[in-house]
Amino acid sequence: MRKAAVMMDRDFAIGRTDPRLFGAFIEHLGRCVYGGIYEPGHPTADEKGFRQDVMALVKELGPTIMRYPGGNFVSGYNWEDGVGPIEARPKKLDLAWFSTEPNTFGTNEFVDWCKAAGIEPMLAVNLGTRAGDAARNLVEYCNHPGGTYWSDLRKEHGWEQPHDVKFWCLGNEMDGPWQMEYKTATQYGLVAKEAAKMMRWIDPSIELAACGSSGRNMPTYGRWEDEVLEHTFEHVEYISLHTYLNDYARDTPALLASPDIMDNFIDEVVAIADGVAARRRSNKRIMLSFDEWNVWYRTRRVRSERVKEGWPIAPPILEEIYDMADALAFGGMCISLLNHADRVKSACLAQLVNVIAPIMTETGGPAWRQTIFWPFAQMSRLGRGSVLRTRVESDTYSASYFDPRGAQDLYFPVPHTPYLKVSAVADDAGGLALFLLNRDLAQEVAVTVDARNFGRLKVVEADELRHDDLRAINSSDAPDTVRPTPLAGVTVDGGSIRATLKPASWTVIRLAPA
Ligand code: AHR
């Protein structure tokens with residue numbers, strides 16, 4: 001058995017978690033919207049066509065903000081096609097996913113769905129095939145009270161009150177050649193700046209995120225952020241980051257080490273953003289919007305495959321089935337996000353339903369939780385408060401993470417990976433939540449947590465997520481194969497907490513003042 005020690009002090013915090021850290025993402029992609037959140041005719045659908053079985057799982061998952069409508073889809077989207085009488089809306093070819101978009105669900109339905117779910121809407125504007133004019137019209141349609149063409153059109157469509165959408169993404173992955181009308185950093189920086197200016201002139205209360213790189217593995221990574229922010233620094237609050245972890249190499253230790261690359265990614269983007277601020281001698285701090293993150297590799301598609309399939313409506317694509325090992329890597333990503341609460345102020349799990357998602361459905365049938373559902377639901381429920389600085393003493397291992405999309409190297413070394421990855425969040429009632437990932441596949445870790453300045457604590461809940469088979473999955477027939485179960489033997493002596501973590505496990509412990 002390995003031993004590990006964690007030390008923290010209630011007064012030494014990294015930062016408070018912003019409620020928007022626990023967001024997710026709905027794109028017009030595959031069966032995320034159609035057959036996912038929206039399926040008129042489904043036995044559980046309400047009068048608006050919203051599946052209530054999915055809604056119940058969404059509420060249990062606990063996302064706080066929802067990004068929409070893309071993703072790659074947004075770079076070819078005419079938002080006007082998705083508003084007004086449904087029967088008059090045009091069907092269009094979607095060149096992002098080689099599907100036919102029926103447009104029977106659009107911005108107003110999305111905002112209604114968010115209201116029903118108690119989630120803040122986040123909208124992305126099309127800066128691919130369109131630019132500032134369409135973006136400012138959408139802000140006017142959504143947020144202006146009335147008395148103008150676009151705001152009165154919203155009223156005519158049945159939405160009297162403004163939607164008051166606060167968080168806006170200036171396009172999506174505009175550095176990627178797969179994107180409709182992708183751009184150089186200069187081209188994008190100029191378009192994003194002009195769009196931002198006009199959008200904010202219409203509604204000064206909005207917050208704006210510029211596109212960062214589509215991933216740390218992009219050839220233009222770093223230079224892209226620097227130049228985009230050089231253009232947009234005065235006009236945006238956030239820069240975006242995207243990460244999808246993979247296990248193409250079938251190397252579980254490397255997969256579990258790879259969330260640490262996400263830590264590097266965040267630190268690097270913070271450094272670049274602060275470098276742009278330094279050139280201006282500015283105290284402004286650009287915050288990070290990690291608006292796509294997940295594990296995703298099995299169901300990636302190339303354009304030539306998509307073309308062969310014709311132009312289906314809501315095809316079952318990107319329906320990644322997550323196993324136990326994915327849930328562990330996903331938990332590591334949750335810890336990385338929490339531990340950067342000072343700068344990552346918004347994050348969106350990509351995506352919500354069916355498409356690389358924590359929730360799966362059968363069209364016309366049931367809905368169930370994938371393995372990755374659990375760490376997210378626990379993080380959203382228990383991750384509210386002050387994330388504490390932790391000092392972790394743990395044995396380490398070295399891994400080499402294979403990324404076939406890497407710009408320079410196919411392998412990223414992850415040296416000195418601690419077997420134990422931890423986040424500690426102090427709540428406002430004097431309690432503490434611990435998120436613990438044991439990355440050792442073979443050995444238990446006996447962990448001692450020294451929680452200073454907490455006084456006497458008691459364990460309120462302790463759950464572990466593990467399975468003897470790292471390939472175990474949940475399915476409609478066996479939806480509970482992988483789910484948290486109580487962890488026995490957690491002890492507290494004053495502020496000293498002891499637990500034994502099983503090999504390859506994710507554990508969450510909640511403590512309250514005794
Ligand atoms: O989330 C799936 C896709 O991944 C998104 O559409 C795109 O932004 C990213 O490449």
Side-chain angles (χ1 to χ4, degrees), residues 23-34 36-37 63 65-77 94-99 101 110 122-129 168-183 188 192 209-221 224 228 238-246 262 265 289-303 305-306 314-322 326 330 333 346-360 370 372 376 403-407:
F25 176 28
I26 290 172
E27 178 167 1
H28 283 255
L29 195 183
R31 296 191 309 124
C32 187
V33 172
Y34 307 108
I37 58 167
I65 188 165
M66 196 62 62
R67 184 168 178 249
Y68 173 88
N72 298 339
F73 173 80
V74 79
S75 296
Y77 186 49
D94 161 32
L95 305 187
W97 302 106
F98 277 66
S99 311
E101 173 52 50
F110 169 68
M122 172 194 287
L123 288 181
V125 296
N126 176 355
L127 296 189
T129 61
W168 295 78
C169 306
L170 296 164
N172 174 71
E173 296 193 345
M174 294 308 305
D175 58 335
W178 57 88
Q179 207 70 216
M180 284 172 260
E181 299 201 22
Y182 83 110
K183 295 175 171 45
Y188 169 69
C211 286
S213 297
S214 315
R216 188 174 181 260
N217 50 12
M218 292 297 287
T220 47
Y221 169 56
W224 172 275
V228 166
Y238 306 89
I239 181 103
S240 74
L241 296 83
H242 291 181
T243 289
Y244 292 104
L245 299 181
N246 83 79
M262 188 163 162
F265 187 18
S289 174
F290 217 119
D291 58 30
E292 289 187 30
W293 66 272
N294 202 344
V295 176
W296 172 27
Y297 62 102
R298 301 170 180 91
T299 55
R300 280 189 177 271
R301 294 147 55 83
V302 290
R303 250 193 178 87
E305 281 169 28
R306 295 183 210 160
I317 54 175
L318 278 62
E319 299 203 353
E320 191 100 349
I321 303 300
Y322 290 105
D326 297 326
F330 184 95
M333 298 179 98
S346 173
C348 301
L349 154 60
Q351 296 191 3
L352 184 71
V353 188
N354 291 326
V355 171
I356 47 173
I359 298 169
M360 288 299 293
Q370 293 234 57
I372 60 169
F376 187 95
D403 185 350
R405 291 152 60 98

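All ligand and atom numbering here is 1-based and tracks the order in the structure. Worth saying up front: this structure is predicted, and the values here are computed from it rather than measured.
- Classification of the Tyr244-Trp296 ring pair by plane angle, with boundaries at 30° and 60°, yields perpendicular.
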Query raised in the report: Where do Ser75 and Met174 land on the side-chain contact (heavy atoms from CB on, under 4.5 Å) test, with the steps shown first?
Result: CA-CA 9 Å; Ser75 296; Met174 294 308 305; 4.1 Å; yes

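- By the neighbour-count criterion of 12 heavy atoms within 6.0 Å, atom OH of Tyr297 is densely surrounded, having more than that number from other residues, nucleotides or ligands.
- Below 30°, between 30° and 60°, or above 60°: for Trp293 and Phe330 the angle between ring planes is between 30° and 60°, a tilted geometry.
- A salt bridge does not link Asp403 to Arg216: none of the charged nitrogens lies less than 4.0 Å from a carboxylate oxygen.
- For ligand 1, residues of the protein lying within 4.0 angstrom by heavy-atom distance are Phe25, Glu27, Gly71, Asn72, Trp97, Asn172, Glu173, Tyr244, Glu292, Trp296, Gln351, Ile356.
- Using bins of under 30°, 30° to 60° and over 60° for the plane-to-plane angle, the ring pair Trp224/Tyr188 lands in the parallel bin.
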